[in-house]
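Worksheet for the structure shown next.
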There are 2 protein chains.
Amino acid sequence: MDRNALGILRQYDLRHTDTRENILNGFLQKTTALSHSDIEVYLNDGFDRVTIYRTLKTFLDKGIIHKILDDNGGVKYALCKDQCASGHHHHDHVHFKCSECNETFCLEKFLIPEIILPAGYQRKDINVLVQGTCPKCN
Amino acid sequence: MDRNALGILRQYDLRHTDTRENILNGFLQKTTALSHSDIEVYLNDGFDRVTIYRTLKTFLDKGIIHKILDDNGGVKYALCKDQCASGHHHHDHVHFKCSECNETFCLEKFLIPEIILPAGYQRKDINVLVQGTCPKCN
DNA sequence: CTAAATTTGCGTTTTGATTACAAAAAATCT
DNA sequence: AGATTTTTTGTAATCAAAACGCAAATTTAG
């Protein structure tokens with residue numbers, strides 16, 4: 001099962017629009033996480049900023065993409081695997097940001113080990129960002 | 001050894017100014033991580049935004065405080081323990097953000113377990129944010 | 001093709017962050 | 001203490017990022 005933009009839109013019950021198709025194609029092509037401005041660049045100013053905001057929000061809400069924290073007070077996004085749906089995210093994998101090339105990767109195969117919390121703390125979601133240098137940069 | 005603002009400033013070789021003393025006292029009093037705007041509120045508009053930015057940057061550089069990532073594309077700050085110094089940070093503990101009260105806590109006693117990375121990835125820093133509900137909110 | 005619902009684009013506004021520069025304050029020295 | 005040097009601060013201006021309302025355009029369904 002390879003994934004394509006139209007299939008994803010249909011799967012998640014979203015209307016088929018140019019913006020959505022293009023942004024999804026961006027995520028499908030790039031192997032790294034994308035920030036809002038990465039997407040703007042990718043789309044070559046063909047679409048409005050606001051539309052991109054709204055599209056990302058829609059994708060987030062539906063569980064098509066997930067947030068990846070950034071160290072300089074920003075957020076990046078990457079596609080979720082199929083187990084994700086609205087509200088139910090299962091992407092407990094490690095994220096890696098290279099401090100040389102500033103790219104962020106989803107290390108899908110590398111799961112977050114169990115993290116023990118003090119009594120009374122209810123875990124809902126977890127985000128792990130490792131920073132360092134990626135294979136290309138060292 | 002209890003810590004006070006003046007002692008910290010002396011320890012880190014920083015001049016003693018009103019802004020720094022007040023901001024440090026804020027960190028010492030609050031048990032939660034503070035954002036830039038939290039600090040603005042705490043200081044009751046007594047100091048300029050720009051000064052706060054600069055003070056936080058100074059503290060970060062010296063290793064007095066450390067960054068805590070936030071899920072909505074922001075950053076919060078909290079005091080480092082004594083092992084930290086310029087460049088050498090040792091705060092591999094878990095951070096917890098409550099989705100009810102939106103407070104972020106340093107769980108100093110709860111260390112991040114070892115995280116395995118694919119070959120070629122060099123780890124330098126790590127940040128773990130667990131989200132859920134804190135003891136007060138459930 | 002038409003109508004209803006959703007999505008998009010634009011203008012406006014708000015907020016956050018950075019810079020340059022002059023004024024003020026802190027530490028040092030006599 | 002007073003003067004000097006260095007650091008820090010406040011102001012104003014600039015710039016970018018994000019949010020909102022509304023009208024126009026597009027998609028889907030009938």
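These numbers come from the heavy atoms of this one structure, side chains and all, not from hydrogens, waters or symmetry mates. Proteins get letters first, then strands, A, B, ... in listed order; numbering begins at 1 in each.
Axis orientation changes by 30° from one end of the helix from C:dC1-D:dG30 to C:dT30-D:dA1 to the other, with each end axis drawn from 5 pairs and the value rounded to 10°.
Around the CD1 atom of A:Ile116, the shell of radius 6.0 Å holds no more than 12 heavy atoms that belong to other residues, nucleotides or ligands. For CG of A:Asp45, the number of neighbouring non-hydrogen atoms (other residues, nucleotides, ligands) closer than 6.0 Å is 12 at most. In A:Asp13, the CG atom is not crowded: 12 or fewer heavy atoms of neighbouring residues, nucleotides or ligands sit closer than 6.0 Å.
Of the listed residues (A:Thr32, A:Thr104, A:Asp71), just one forms a side chain to side chain donor-acceptor pair (under 3.5 Å) with A:Lys97, and that residue is A:Asp71.
In the model, A:Asp38 has a side-chain atom that pairs as donor or acceptor with a side-chain atom of A:Ser35 under 3.5 Å.
Contact footprint of chain B on DNA chain C: nucleotides with an atom under 4.0 Å from a non-hydrogen protein atom, first to last in 5' to 3' order, C:dG16 to C:dA27.
Ring geometry, B:Phe105 versus A:Tyr121: the interplanar angle exceeds 60°, so the pair is classed perpendicular (tilted spans 30 to 60°).
Going from atom NE2 of B:His66 over to atom CD1 of B:Ile68 covers 4.0 Å, rounded to the nearest 0.5 Å. Atoms OG and CD, on B:Ser99 and A:Gln122 in that order, are 10.5 Å from each other to the nearest 0.5 Å.
Across all non-hydrogen atoms, the minimal contact from A:His93 to A:Leu107 is CB-O, 3.4 Å.
D:dT9 atom P lies 12 Å from atom CG of B:Leu43, rounded to whole Å.
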With sugar-phosphate taken as primed atoms, P, OP1 and OP2 and all else as base, the protein-contact string of nucleotides 17-30 of chain D at under 4.0 Å (heavy atoms; B, S, -) is SB-BB-----BS--
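Between the B:Asn44 side chain and the B:Gly46 main chain, no donor and acceptor come within less than 3.5 Å of each other.
If you check every strand for non-hydrogen atoms under 4.0 Å, B:Thr19 touches sugar and phosphate atoms only.
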